[in-house]
Amino acid sequence: MTPAELLTDSFGRIRDGALAAIDGLSEEQLAHRVAPDANSIAWLVWHASRVQDDHLADAAGLQQVWAARGFIEHFDLDLDEDDTGYGHTSAQVAKVRAPAELLARYVEAVHHQTLAWVGGLAAEDLDRVVDTSWEPPVTLGVRLVSVVDDGTQHIGQAAYVRGLLTA
């Protein structure tokens, strides 16, 4: 298996999990919070997609799907353009409301851009330093593993919340 094949499979699982978590749910169900400060399914799926979009666009030298494809206007969240949800307060989490169809379109658009880029990566690309603000500097391989880990965790949480709602 090549790095490109491994990454394609990993990001495909995140996409599939995100779509399964939101499938058939109403906007109210997607916004439901199982506790006052808990994250909603909408926020979890949005955040996982925003992180993937932000981090991979930066590493690839691409424009984020969020702005380039008009999702920032479609979501109309009253958040900064570069906001990925990292460190959101409870009030900011509550702002993230969207119908399943819009969330799915964003997930798919981010996934498409991700696959178009990771599909061309070779093993030697993974050693390229993409962030020098950390010690040691972050390589592309480490950044990609971080994004996969973040996406998997957040989509797993969304699936758990869905299970609570639909049980």
message: Testing Leu79, Asp83, Thr89 one by one against Lys95 for a side chain to side chain contact (heavy atoms under 4.5 Å, CB included), which residue passes?
response: Leu79
- prompt: For the side chain of Asp53 and the backbone of Val65, is there at least one donor-acceptor N/O pair under 3.5 Å apart?
  reply: yes
Same apolar cluster: Val45 and Leu164, side chain cutoff 4.5 Å: yes
query: Between Ala122 and Pro3, what is the shortest heavy-atom contact and its length?
result: C-CG, 4.3 Å
- line: On a heavy-atom basis, the closest approach of Ala98 and Phe75 is CB-CE2, 3.7 Å
task: Look at the side chain of Arg33 and the backbone N and O of Ala38, then say whether any donor-acceptor pair between them is shorter than 3.5 Å.
output: yes
query: Sub-3.5 Å donor-acceptor pair from the side chain of Asp80 to the main-chain atoms of Asp82, do we have one?
result: no
message: Quick one: does any side-chain atom of Gln113 pair with a main-chain N or O of Gln63 as donor and acceptor, under 3.5 Å?
response: yes
query: Say you draw a straight line from CD1 of Ile41 to CG of Leu30; how long is it, rounded to the nearest 0.5 Å?
result: 6.0 Å
message: For residues Leu44 and Tyr160: do they belong to one hydrophobic cluster (side chain heavy atoms under 4.5 Å, members Ile, Leu, Val, Met, Phe, Trp, Tyr)?
response: yes
field: CG-CH2 distance between Asn39 and Trp46, expressed to the nearest 0.5 angstrom
entry: 10.5 Å
message: How close do Trp117 and Leu140 get, counting heavy atoms only, and between which atoms?
response: CH2-CD1, 3.4 Å
task: Give the ring-plane orientation class for His47 versus His154, where under 30° counts as parallel, over 60° as perpendicular and anything between as tilted.
output: perpendicular
task: Please find out if less than 6.0 Å separates the ring center of Trp66 from that of His74.
output: no
field: Spatial distance of atom CD (Glu28) from atom CG (Leu165) [nearest 0.5 Å]
entry: 11.5 Å
- request: Give, for atom CD of Glu5 and atom CG of Leu121, the distance between the pair rounded to the nearest 0.5 Å.
  value: 12.5 Å
message: Is there a continuous path of hydrophobic side-chain contacts, each under 4.5 Å between heavy atoms, that joins Val147 to Val118?
response: yes
Closest non-hydrogen atom pair between Pro137 and Thr132, with its separation: CB-CA, 4.2 Å
query: So do the side chains of Leu19 and Glu108 get within less than 4.5 Å of each other, counting heavy atoms only?
result: yes
- request: Could you tell me whether a side-chain N or O of Thr166 sits under 3.5 Å from a main-chain N or O of Arg162, the two making a donor and an acceptor?
  value: yes
Between Arg15 and Thr114, a side-chain donor and acceptor under 3.5 Å: no
query: Under a 4.5 Å side-chain heavy-atom rule over Ile, Leu, Val, Met, Phe, Trp and Tyr, are Val130 and Trp134 clustered together?
result: yes
- request: Measure the CG-CG distance between Leu56 and Leu115 for me, rounded to the nearest 0.5 Å.
  value: 10.0 Å
- request: Taking all non-hydrogen atoms of both residues into account, name the closest pair between Ser90 and Pro36 and its distance.
  value: OG-O, 3.5 Å
message: Suppose we screen for side-chain hydrogen bond (donor to acceptor under 3.5 Å, both in side chains). Which residues come up paired with Glu135, at least two apart in sequence or across chains?
response: none
- prompt: CZ of Arg105: more than 12 outside heavy atoms within 6.0 angstrom?
  reply: yes
- prompt: Does the Arg69 side chain pair with the main chain of Gln64, one donor and one acceptor, at a distance under 3.5 Å?
  reply: no
query: Is a side-chain donor or acceptor of Gln153 paired with a backbone partner of Asp150 at a separation under 3.5 angstrom?
result: no
field: side-chain hydrogen bond (donor to acceptor under 3.5 Å, both in side chains) partners of Arg13, counting only residues at least two apart
entry: Asp9
message: Checking side-chain polar atoms at under 3.5 Å, does Arg50 have a donor or acceptor matched by the opposite partner on Tyr106?
response: yes
statement: Scanning both residues in full, the closest heavy-atom pair of Gly120 with Asp125 reads O-OD2, 4.1 Å
- prompt: Is the closest side-chain heavy-atom distance between His32 and Ser40 below 4.5 Å?
  reply: no
message: Within this structure, what is the CG-OG distance for the pair Leu144 and Ser10, rounded to the nearest 0.5 Å?
response: 9.5 Å
query: Is Ile22 linked to Phe11 within one hydrophobic cluster, defined over Ile, Leu, Val, Met, Phe, Trp and Tyr using a side-chain heavy-atom separation of less than 4.5 Å?
result: yes
task: May I ask you to decide if Gly141's main-chain N or O and Arg128's side chain share a donor-acceptor pair within less than 3.5 Å?
output: no
